[in-house]
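Structure first, commentary second.
Here, residue 1 is the first one in the sequence, and each next residue gets the next number. Both counts, for ligands and for their atoms, begin at 1 and track the order of listing. No experiment lies behind these values; they were computed from the predicted model shown. The analysis underlying the following values was restricted to heavy atoms, covering all of them including side chains, and did not include hydrogens, waters or symmetry mates.
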Amino acid sequence: MSDKRVAVIAACGKGLGEAIARALHAHGHSLVMMGRSEGVEDLAKELDGIAVRGDVGETADLQSLIDTAMKAHGRIDAVMNNTGHVRGGNTAATAPVYDPETGGDLLEVSDEDWMGGLNYILLNVVRMARIVTPIMEKQGSGAILNMSSFAHREPAPAFPVGACLRMALGGFTKMYADKYARAGIRMNCILPGFIENYPMSDEIRRRVPLGRSGKLEEVGETANFLLTDAAGYITGQSILVDGGMNRGV
Ligand SMILES: NC(=O)c1ccc[n+]([C@@H]2O[C@H](COP(=O)([O-])OP(=O)(O)OC[C@H]3O[C@@H](n4cnc5c(N)ncnc54)[C@H](OP(=O)(O)O)[C@@H]3O)[C@@H](O)[C@H]2O)c1
């Protein structure tokens, strides 16, 4: 059994997953992380963690990630359900450009893109919960954090698939949190705004009260907080890290 806290990170190697891995490592976690390419192996080597190659949309790969963590450490304290960018609207799978003016026609989003969103935003979380909940129930403790986005709170025309499915993710998170709170398991969502690894235009900057992109470390530190006992009384919540962009109160 590990005497350090053990954190599992799905979708890791660069971007927000990497930032969260660095924060969890700095705060004393042993890491077990998954990615599809060698980036995850390089990061694991640097952070003294374990890398597993796999896809968060595949149940067998999620199972192998959890099996690897249990075999190495005998417990799992924290699960970060990170994922990739999904297609749909005018967002491409990689380096999408946000443009509300040309944000794609809602009815032209294909069934394939809607199903991709379901698989990589909601079902990845549901499947991970099926796998890891019995382990955390036995431990009597555990924290799960789901990667979401500012569009979870306020539909953004350029991100129809991400916005709709992340709203569904918020619903699942609340229901899961209700059901497993008494078992000592917490689940929350983190909702980044525009972070520095994503293109930022002057038009978007004007909408952000803090007037800048978020730093990767700011997402990493918030995720670490939500995954540790400092946030022990927070569950079922969707927490924005968006520089004040959302207008809700
Ligand atoms: N960056 C932002 O400003 C921002 C804002 C709001 C929400 N988000 C959300 O945060 C998530 C991460 O965004 P990011 O900007 O960090 O993306 P990114 O820079 O493209 O990094 C994604 C990471 O996840 C891994 N990955 C992607 N798809 C995967 C899959 N199917 N299975 C396993 N690993 C996978 C990638 O590694 P491999 O390629 O090796 O698999 C990569 O290391 C996305 O869901 C995005 O929508 C981002």
Side-chain angles (χ1 to χ4, degrees), residues 8-23 31-44 46-47 49 51-65 79-98 113 116-125 127-128 145-154 156 158-167 169-170 189-201 204-205 207-208 212-220 222-223 238-243 245-246:
V8 168
I9 309 170
C12 198
K14 61 174 182 165
L16 301 186
E18 175 186 354
I20 292 167
R22 288 188 184 283
L31 303 180
V32 183
M33 40 199 169
M34 185 165 81
R36 296 165 304 180
S37 66
E38 64 185 6
V40 71
E41 279 147 12
D42 296 342
L43 187 64
E46 187 190 331
L47 302 181
V52 175
R53 287 278 190 112
D55 187 318
V56 298
E58 297 292 335
T59 304
D61 293 351
L62 296 175
Q63 183 74 56
S64 144
L65 177 64
V79 170
M80 179 68 227
N81 278 316
N82 189 33
T83 187
H85 288 275
V86 300
R87 296 191 327 161
N90 71 344
T91 60
T94 53
V97 175
Y98 179 75
D113 285 352
L118 192 64
N119 202 41
Y120 285 103
I121 289 178
L122 183 63
L123 288 180
N124 56 316
V125 170
R127 291 171 182 143
M128 177 65 95
L145 184 61
N146 304 323
M147 180 53 69
S148 190
S149 136
F150 68 92
H152 171 137
R153 278 283 173 74
E154 199 173 12
F159 303 106
V161 172
C164 292
L165 273 301
R166 280 172 157 145
M167 288 173 187
L169 177 62
C189 292
I190 185 165
L191 282 52
F194 289 90
I195 308 303
E196 61 186 324
N197 67 331
Y198 195 91
M200 171 69 124
S201 67
I204 297 168
R205 198 171 289 109
R207 289 169 47 205
V208 179
R212 61 170 175 86
S213 296
K215 296 181 187 148
L216 285 160
E217 307 89 76
E218 289 168 332
V219 177
T222 307
S238 297
I239 310 287
L240 284 157
V241 186
D242 71 343
M245 185 169 62
N246 182 277

[X] touching ligand 1 at heavy-atom level, < 4.0 angstrom:
X	result
Tyr120	yes
Gly214	no
Arg53	no

Q) With backbone taken as N, CA, C and O and side chain as the heavy atoms from C-beta onward, which portion of His152 lies under 4.0 Å from ligand 1: side chain, backbone, both, or neither? A)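 Looking at His152 and ligand 1, no heavy atom falls under 4.0 Å.
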**Q.** ligand 1-proximal atoms of Ser213, by part, heavy-atom distance under 4.0 Å
**A.**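 Under 4.0 Å from ligand 1, Ser213 contributes no heavy atoms.
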Q | From CD1 (Ile20) to CD1 (Ile190), nearest 0.5 Å | A |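 Nearest 0.5 Å value for the CD1-CD1 distance: 5.5 Å.
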Any N or O on [X] sitting closer than 3.5 Å to an N or O of ligand 1?
X	value
Asn82	no
Met147	no
Phe194	no
Lys14	yes
Met34	no
Ser149	no

Taking the side chain from [X] and the backbone from [Y], do they hold a donor-acceptor pair closer than 3.5 Å?
X	Y	result
Thr222	Glu218	yes
Glu196	Leu216	yes
Asn124	Gly57	no
Asp61	Asp55	yes

If you count the atoms of ligand 1 from 1 in the order shown, which ones are under 4.0 Å from a heavy atom of [X]?
X	answer
Gly15	16 (O), 19 (O)
Thr83	11 (C), 12 (C), 44 (C), 45 (O)
Gly13	43 (O)

Q. Strictly by modelled atom types, are Arg127 and Asn119 linked by a side-chain donor-acceptor pair under 3.5 Å?
A.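 The criterion, which ignores hydrogens and geometry beyond distance, is satisfied for Asn119 and Arg127.
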Q: Return the minimal non-hydrogen interatomic distance between His152 and Gly170, and the atom names on each side.
A: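 That closest heavy-atom pairing would be CE1-CA, 3.6 Å.
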Q.
If I compare all heavy atoms of Leu16 with all of Pro192, which pair ends up nearest, and what's the gap?
A.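 For Leu16 versus Pro192, the nearest heavy atoms are CD1-CG, 3.9 Å.
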Q: May I ask you to decide whether Glu58 forms a salt bridge with Arg36, counting only side-chain N to carboxylate O separations under 4.0 Å?
A: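 Result for this pair is no, no salt bridge flagged.
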Q | Salt-bridge present (Glu41, Arg53; N to O < 4.0 Å) | A |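 Answer for the salt bridge query: yes.
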Which of these, [options], has its nearest heavy atom closest to [atom]?
atom	options	value
atom 19 (O) of ligand 1	Asn197, Leu62, Asp55	Asn197
atom 33 (C) of ligand 1	Ala10, Gly54, Ser37	Gly54
atom 37 (O) of ligand 1	Gly39, Cys12, Gly84, Gly193	Cys12

Q. Given His85, which of Tyr120, Tyr198, Phe159 fulfils the ring-ring contact (aromatic ring centres under 6.0 Å, His included) condition?
A.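 Only one option passes, and that is Tyr198.
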